[in-house]
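For ligands, and for the atoms within them, numbers begin at 1 and follow the listed sequence. Here the structure is a predicted model, which means the values were calculated and not measured.
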Amino acid sequence: KEKVEITKEQRTLMKVIVDAYSTHQIPQDVAKKLLQEQYSADENFLLLTEMATSQVQVLVEFTKNIPGFLSLDREDQIALLKGSAVEAMFLRSAQVFSRKMPSGQTEVLEERIRKSGISEEFIIPMFNFYKSIVSLHMVQEEQALLTTITILTPDRPYVKDQQAVERIQETMLELLRKLCVLQRPQEPQYFARLLGRLTELRTLSHYHAEMLTSWRTNDHKFTPLLCEIWDVQ
Ligand SMILES: N#Cc1ccccc1NC(=O)[C@H](C1CCCCC1)n1c(-c2ccc(Cl)cc2)nc2cc(F)c(F)cc21
């Protein structure tokens, strides 16, 4: 039986990542807004572009706190941010959806999102992903590390020094592996299941541009930052 224990450095690394992850969150709670009232498709589209834009800003701030990220080549830092922003946004949305809520509220939230203006064909794959995240019952350490691992994906377009990214990602993968073993000793496959979600996440993210351009709204206006990050306009 493998004796797994977190080293002192790993504990420090964990604390840095989790603190940064919880600090750099969007101030306004989108779930609360959506539960408070029903918006039109146009209002929802505007809300989405606002949320996505501020999500990119908090993502940039978060990555600055990932040990080793700032010592990567500057252009590679940008390539990693551009390459992971959409996935990070869907992962964040899934984590918001999987939050414990008073009974019946998750169903209301799901209904509001189904009717938000998003076109039918994307609703199923999106909620399949969200529900697969819900079923994992991740703790915040796992959520923070999973987002970090997503950002540190070496084979993003235009990354020059993939080895340098791999080295940092491996540190995070090893830490997550240990956490999963310690957190779920009775579920040896849990770590593999977590990483499997990143494959689903990448597939869902392929649709992001179409999800936006097919939104039921008269005016698909995007912020300059979103035009940069999302393949739109
Ligand atoms: N962006 C963003 C973002 C950043 C941080 C936190 C949540 C975010 N998600 C959001 O704001 C959107 C809202 C925006 C208003 C209209 C209804 C969807 N969203 C999405 C959703 C993101 C994208 C695309 Cl194409 C379709 C859907 N899946 C959500 C799940 C949830 F449970 C949830 F509460 C919100 C959710």
Side-chain angles (χ1 to χ4, degrees), residues 20-63 81-82 84-102 104-138 140 143-144 146-147 150-151 197 200-217 219-223 225-233:
Y21 193 70
S22 33
T23 311
H24 298 299
Q25 284 316 328
I26 291 183
Q28 129 216 59
D29 184 333
V30 62
K32 209 155 74 207
K33 272 180 92 94
L34 291 169
L35 287 165
Q36 259 155 3
E37 64 177 289
Q38 190 122 7
Y39 297 101
S40 72
D42 289 345
E43 289 165 332
N44 276 319
F45 187 77
L46 180 65
L47 182 55
L48 170 59
T49 54
E50 286 165 357
M51 292 304 294
T53 301
S54 47
Q55 173 68 16
V56 174
Q57 289 155 344
V58 296
L59 185 73
V60 171
E61 289 314 307
F62 171 62
T63 53
L81 277 164
K82 274 177 76 81
S84 64
V86 172
E87 289 176 22
M89 187 274 303
F90 278 120
L91 194 50
R92 186 78 216 148
S93 299
Q95 286 160 1
V96 169
F97 188 73
S98 66
R99 243 187 264 162
K100 189 95 194 76
M101 276 183 263
Q105 292 220 342
T106 301
E107 288 69 19
V108 171
L109 182 58
E110 174 166 350
E111 194 50 27
R112 291 278 157 88
I113 295 163
R114 282 178 183 280
K115 300 258 179 302
S116 61
I118 189 166
S119 66
E120 281 303 301
E121 71 202 281
F122 302 117
I123 295 211
I124 300 207
M126 189 174 78
F127 276 106
N128 283 348
F129 174 66
Y130 290 172
K131 293 189 173 167
S132 74
I133 292 291
V134 172
S135 68
L136 290 171
H137 301 105
M138 276 194 269
Q140 74 160 355
Q143 294 187 359
L146 207 58
T147 299
T150 303
I151 295 162
R197 295 295 178 268
E200 261 190 271
L201 176 63
R202 195 175 284 207
T203 311
L204 177 66
S205 303
H206 283 318
Y207 304 129
H208 78 274
E210 257 187 282
M211 287 165 88
L212 286 162
T213 50
S214 65
W215 200 278
R216 215 177 41 254
T217 176
D219 176 17
H220 295 88
K221 202 158 63 65
F222 300 99
T223 60
L225 183 56
L226 278 193
C227 293
E228 265 299 300
I229 292 282
W230 295 36
D231 323 327
V232 288
Q233 208 146 357

Protein N/O near ligand 1 N/O, under 3.5 Å, which pairs?
unit_1, atom_1, unit_2, atom_2, d
ligand 1, 9 (N), S93, OG, 3.0
ligand 1, 28 (N), Y130, OH, 2.7

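Residues R92 and L59 are not in side-chain contact: their nearest non-hydrogen atoms beyond the backbone lie 4.5 Å or more apart. Using a 4.5 Å heavy-atom cutoff, the side chains of D29 and R99 are in contact.
Using a distance-only test at 3.5 Å, with no hydrogens or angles considered, no donor-acceptor pair links the side chain of H206 to the main chain of L204.
Here the two rings, on H208 and W230, have centers that are under 6.0 Å apart.
Look at K33 and E43 and you find no salt bridge, because none of the NZ, NE, NH1 or NH2 atoms lies under 4.0 Å from a carboxylate O.
By the side-chain contact (heavy atoms from CB on, under 4.5 Å) test, T23 is found to be paired with no residue, residues two or more places apart in sequence or in another chain being considered.
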